[in-house]
Amino acid sequence: MTSFVGNHGLLAVFILMFVAAILPAASELTMVYGGALASGALAGHIAHFRHGFHAYLAVVVVGVIGNVLGAAFGWAIGYYGGHPLLERRGRWLHATPERVARAERWFDHFGTVAVPLGFATPAVRSFVALPAGIFEWPLRRLLPLAALGSATFC
């Protein structure tokens with residue numbers, strides 16, 4: 001992964017952060033390595049930026065955009081797959097009907113705080129968008145909150 005970021009710069013940051021919104025994809029390492037690359041601590045460069053603030057800002061912006069677009073994709077999987085997807089594949093996640101009902105109530109009650117907090121938290125960030133879609137949380141509410149959490153993380 002580090003060589004992927006080192007060789008492909010912003011494109012790699014975008015792809016890995018997109019995937020990290022849906023699956024655990026080492027977003028922590030992606031952003032740390034992207035930041036180190038942008039600072040000049042490692043060999044390589046970020047797009048047409050040499051090193052420094054503009055390269056760092058480019059890594060952050062691309063990371064946020066990748067993560068928010070990945071969140072929209074994860075939301076769509078959950079929204080269009082819905083509860084039938086959870087019923088078919090939920091046993092892999094130990095998602096019993098009782099747990100799903102409890103998670104839906106929790107998401108409805110704490111979603112406005114949980115979404116940005118979830119996207120700002122390394123281990124949790126991959127498990128926010130899909131349930132938001134399954135529980136039919138409005139995309140127009142999800143994306144700004146995901147952007148806030150992702151910006152904090154990135």
Side-chain angles (χ1 to χ4, degrees), residues 1-86 88-95 103 107 111-154:
M1 187 204 64
T2 56
S3 62
F4 183 53
V5 174
N7 292 336
H8 301 287
L10 293 176
L11 177 63
V13 170
F14 176 84
I15 290 169
L16 291 169
M17 291 304 288
F18 182 95
V19 171
I22 306 163
L23 301 170
S27 56
E28 304 82 18
L29 293 176
T30 300
M31 294 310 294
V32 167
Y33 197 77
L37 197 61
S39 74
L42 302 170
H45 65 282
I46 296 294
H48 63 278
F49 304 106
R50 278 266 320 131
H51 300 292
F53 179 74
H54 290 98
Y56 169 77
L57 189 61
V59 169
V60 170
V61 168
V62 168
V64 170
I65 291 170
N67 209 227
V68 170
L69 290 177
F73 185 73
W75 177 89
I77 292 170
Y79 186 80
Y80 293 108
H83 283 280
L85 172 68
L86 199 54
R88 278 194 316 267
R89 305 291 182 220
R91 70 184 187 296
W92 295 350
L93 304 171
H94 305 285
F107 205 91
T112 304
V113 174
V115 169
L117 188 60
F119 275 96
T121 307
V124 178
R125 61 188 305 102
S126 301
F127 305 103
V128 177
L130 187 65
I134 289 171
F135 300 144
E136 298 178 1
W137 222 58
L139 185 62
R140 70 184 182 289
R141 280 182 65 197
L142 176 73
L143 294 183
L145 294 172
L148 177 66
S150 293
T152 302
F153 175 80
C154 291

By side chain to side chain contact (heavy atoms under 4.5 Å, CB included) - contacts of Phe73 (at least two apart) = Phe18, Ile22, Ile77
What residues form a side chain to side chain contact (heavy atoms under 4.5 Å, CB included) with Phe135, not counting sequence neighbours?
-> His83, Val100, Ala103, Glu104, Phe107, Pro131
Kindly write out the residues that satisfy side chain to side chain contact (heavy atoms under 4.5 Å, CB included) with Glu136, not counting sequence neighbours, or none if the list is empty.
-> Tyr79
Does Ser126 reach the main-chain N or O of Ala20 with its side chain, forming a donor-acceptor pair under 3.5 Å?
-> yes
Sequence-distant partners of Leu23, side chain to side chain contact (heavy atoms under 4.5 Å, CB included), two or more places apart | Val19
For residues 55-62, tabulate all N or O donor-acceptor pairs below 3.5 Å that involve a side-chain atom, not counting sequence neighbours.
none

Run the side-chain donor-acceptor check on residues 137-151: report pairs under 3.5 Å with partners two or more places apart or on a different chain.
unit_1 : atom_1 : unit_2 : atom_2 : d
Arg141 : NH2    : Thr112 : OG1    : 2.8
Ser150 : OG     : Asn67  : OD1    : 2.7
Ser150 : OG     : Ala146 : O      : 2.9

Heavy-atom closest contact (Phe153 atom, Ala120 atom, distance) = CD1-O, 3.7 Å
Can you name the nearest heavy-atom pair linking Phe119 to Ala71, along with the distance?
-> CZ-CB, 3.6 Å
For the residue pair Cys154 and Met17, what are the closest heavy atoms and their distance?
-> SG-CE, 3.8 Å
CG of Leu16 to CG of Leu11: how many Å apart, nearest 0.5 Å?
-> 9.0 Å
